[in-house]
Each structure stands twice: as structure tokens, then as C-alpha cells.
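Notes follow once the structure below has been shown.
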Amino acid sequence: MEARLLICDYSYHFQQFSNSHRAGLTTYLFRLQTEGSCTVFCNGTDYHVEGGDLLLLKPGDEYELMVHEDAGGGRVSSGDYFLFCEGGWIDAWWSRMSRPVVSRIGSDDRLLGLWRQLLLEKRRGLEGENVELTGYLLRSLCLCLDRAITETKPANRTAYTALRLKRFVEEHATVTFKLEEAAAHVGLSLSRAVKIFKEQYGKTMIQYALEIRLNAAIERMKYSTMTQEEIAETCGFASYSYYHRVFRSTYGMSPAQYRESFAPDAKPQPDK
């Protein structure tokens, strides 16, 4: 079954704008608002769409986009990624679950990365576009959208806030970040953010970040020739000595010894 990408682009409007498909769409339309706001009319209902809102429409849906001045008046701002697609695989994917017209999913860097890659591939034109690659990227985007929609529907507000903290840690674990930045990301005080995360996941944000960093370090040891110093730096450890200490405390051996354990033919590395 095919997943065909017809149009993929980014748009930004700083003047009033409208676009209408009142006769009904002929393909699927995905649209992610990244900044500003707009109004979308679909099947008799007006939706106020803001940054982080995902619009999903199917063939036959009425659709009209209206970009206008914000509530304060005098300013027009609306940015979004959008695409039109079709195909048997998309039909089957759509039928798997009930999909609201607008879902609040936030701005996920990994999801946006997929969307940007689709956009760049489509801009290569008919001669340069790899249709097979585009199809797989489109499938990946659809599955990531499902995950984003599902994960932003937790049982309560506290669980949702904890999930946002968890995603922040996952996205920033391999760089040095401060807990204050994670707390600010969800609009909480540091003490409240720390408490919510620990209650929800049974571990601290630092402990979770260390798990991710250590897993990343092991992947680099297995599948790259990076030195241990390079691994420590690219996995978010503040120093090699800290990396070494945490690794030994967790696995009972040094990083160099661990690398030797699954690469017996490798040249022995000194235990620093």
C-alpha cells in the first residue's frame, strides 16, 4: 500500500489571509501550528488554533483557513507546517482510531525534524525526490503523530505535566541542562517540578537523565570508534571523571573494561 506525499511546505503569514476548500478536500491534510494563531472552519465548526495545535482532515471535509489580527488587535502572526497526502496506507492508518480535528500536541523537535526532512525531500523536485524515502518518512510522521496525540491525553493535569518534564529530559539529556530549565518549560517552580516527577516515575530527573546518558554511551561504545573522552562529552557528562565514576558505580567496571567485555579482539584500553 502506498503513502504518497503530494505537497509539503512551511508557511508564515504576517498579513490577513484566507484559503477555502468549502467544496470538500480531495486528499488528507495535516497542519501543525508552530507560532501565532488562526481560525479554522471545518464541517460547520470554527476552531481557534494556536501554537502546538495539530489539524488533521480527511477527504471530503470542508475546510477554510483564516489568519487575522490577534485579540489585542493590530498584529497578524501565523506559522505552520502543512502537507497533503493520499494512498492506501494512509487510508488504513486513518481508520485505526478516531481522530479529532484539532489536537494539542505541543512542539516536539523530533516530530518537527521528520516534517522538515519531508519538506526538504519534496523540494528536490521530480528529478531529485526519492519517492520511496518520502513514502517511508510520511509513514513515520503518521505514526509519530499518533504517539503525540496519545501521550498528550493522560488521566489528569499532573500526569500531563510529568510527561512534559519526562520529554524535556529525554530531549536534553545528552547536553548539559539545568533542572531549573525543565521546571520553567512546564511553568512550575523547581521544587514542585522535582516532586511531581519523582511521584510519577519513582526516580528523579537527574537519575532518569543519567540512565539515558549511560545508554547513549553504551551505544557509542558498541557502534563507533569514539574515545571515552569523546563519548563522555557527547553524552552530556560534565567531565570525563564524572562519567567514569557514574559508569563504574552503575555497571561495576570502568567504561574501557565494559567496551573490552563485548569486543574481545579489540585492543585493550587503559582504565583511567
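The structure presented is a predicted model; accordingly, all values stated were derived computationally and were not measured. Heavy atoms only: backbone and side chains are in, while hydrogens, waters and symmetry mates are out.
Annotation for Gln15: atom CD does not count as buried by contact number, only 12 or fewer foreign heavy atoms lying within 6.0 Å. The number of heavy atoms from other shown groups lying within 6.0 Å of CD (Glu121) is above 12. In the displayed structure, Tyr12 atom OH is contacted under 6.0 Å by more than 12 heavy atoms of other residues, nucleotides or ligands.
In this structure, Phe168 and Phe177 have perpendicular ring planes: the angle between them is above 60°, well past the 30° mark. Using the six-membered ring where Trp is involved, Tyr251 and Tyr258 have ring planes that are tilted, between 30° and 60° apart. Between Tyr240 and Tyr243, the ring planes lie perpendicular to each other; the angle is over 60°, past the 30° to 60° tilted range.
For the atom pair Trp89 CH2 and Cys142 SG, the distance stands at 4.5 Å (nearest 0.5 Å). Between the SG atom in Cys8 and the CG atom in Leu118 there is a gap of 5.0 Å [rounded to 0.5 Å]. Put simply, CD1 on Ile105 and OG1 on Thr150 are 11.0 Å apart, with the number rounded to the nearest 0.5 Å. If you take OG1 on Thr161 and CZ on Arg192, they are separated by 8.0 Å, rounding to the nearest 0.5 Å. Separating the CD atom in Gln228 from the CZ atom in Phe247 is a distance of 7.5 Å, to the nearest 0.5 Å. Summarising the geometry, atom CZ belonging to Arg259 is positioned 11.5 Å from atom CD1 belonging to Ile218; distances are rounded to the nearest 0.5 Å.
For the residue pair Asp80/Thr34, the side-chain donor-acceptor check at 3.5 Å is not satisfied. Side-chain atoms of Thr234 and Arg220 include a donor-acceptor pair closer than 3.5 Å. Between the side chains of Arg116 and Tyr10, no donor-acceptor pair is found at a separation under 3.5 Å. If you check the side chains of His244 and Ser254, you find no donor sitting under 3.5 Å from an acceptor. A side-chain donor from one of Gln33 and Ser78 sits under 3.5 Å from a side-chain acceptor of the other.
The closest side-chain heavy-atom distance from Glu50 to Asp53 is below 4.5 Å. With contacts defined as side-chain heavy-atom distances shorter than 4.5 Å, the pair Leu83/Tyr28 does not qualify. Within the 4.5 Å cutoff, the side chain of Leu56 has no heavy atoms near those of the Val102 side chain. For the pair Cys42/Asp61, a side-chain contact is recorded, criterion being any heavy-atom separation below 4.5 Å from C-beta on. Side-chain contact between Ser140 and Leu138: absent, with no pair of heavy atoms (C-beta onward) separated by less than 4.5 Å. Taking 4.5 Å as the limit, some side-chain heavy atom of Met205 sits within range of a side-chain heavy atom of Val194. Counting only heavy atoms from C-beta outward, the side chains of Val101 and Leu57 approach each other to under 4.5 Å. No side-chain heavy atom of Glu219 sits less than 4.5 Å from a side-chain heavy atom of Met221.
A cation-pi arrangement is absent between Arg245 and Tyr242 under the rule of less than 6.0 angstrom and at most 45 degrees off the ring axis. By the 6.0 Å and 45° rule, Arg31 does not stack over the aromatic ring of Trp115.
The list of ring pair (Phe, Tyr, Trp, His ring centres under 6.0 Å) pairs with a residue in residues 41-64, not counting sequence neighbours, reads His21-Tyr63.
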Open item on the list: Let's go through Leu112 and Leu32 carefully: what are the C-alpha distance in whole Å and the side-chain angles of both, what is the deciding distance for side-chain contact (heavy atoms from CB on, under 4.5 Å) to 0.1 Å, and is it a yes or a no?
Closed with: CA-CA 9 Å; Leu112 286 175; Leu32 179 62; 3.6 Å; yes
Open item on the list: salt bridge (Lys or Arg N to Asp or Glu O under 4.0 Å) for Arg167 and Glu170? Distances and angles first, verdict last.
Closed with: CA-CA 5 Å; Arg167 291 291 172 261; Glu170 290 168 350; 2.6 Å; yes
TODO: Run the numbers on Met97 and Arg99 for side-chain contact (heavy atoms from CB on, under 4.5 Å), then give the verdict.
DONE: CA-CA 6 Å; Met97 59 186 284; Arg99 303 179 186 281; 3.4 Å; yes
Task: From CA spacing to verdict: salt bridge (Lys or Arg N to Asp or Glu O under 4.0 Å), Glu180, Lys178 - done: CA-CA 5 Å; Glu180 290 84 355; Lys178 297 179 180 179; over 6 Å; no
Open item on the list: Working note: Ser18 + Leu65, criterion side-chain contact (heavy atoms from CB on, under 4.5 Å); need CA distance, chi angles, decisive distance, verdict.
Closed with: CA-CA 5 Å; Ser18 66; Leu65 170 68; over 6 Å; no
- [ ] Begin from the C-alpha positions of Glu211 and Lys203 and carry the test side-chain contact (heavy atoms from CB on, under 4.5 Å) through to its verdict.
- [x] CA-CA 11 Å; Glu211 288 179 11; Lys203 64 186 73 173; 3.0 Å; yes
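Residues Trp93 and Phe30 bring their aromatic ring centres within 6.0 Å.
Taking a cutoff of 4.0 Å between a charged side-chain nitrogen and a carboxylate oxygen, Lys122 and Asp9 do not qualify as a salt bridge.
Residues Phe84 and Val131 are members of separate hydrophobic clusters, defined by side-chain heavy-atom contacts under 4.5 angstrom among Ile, Leu, Val, Met, Phe, Trp and Tyr.
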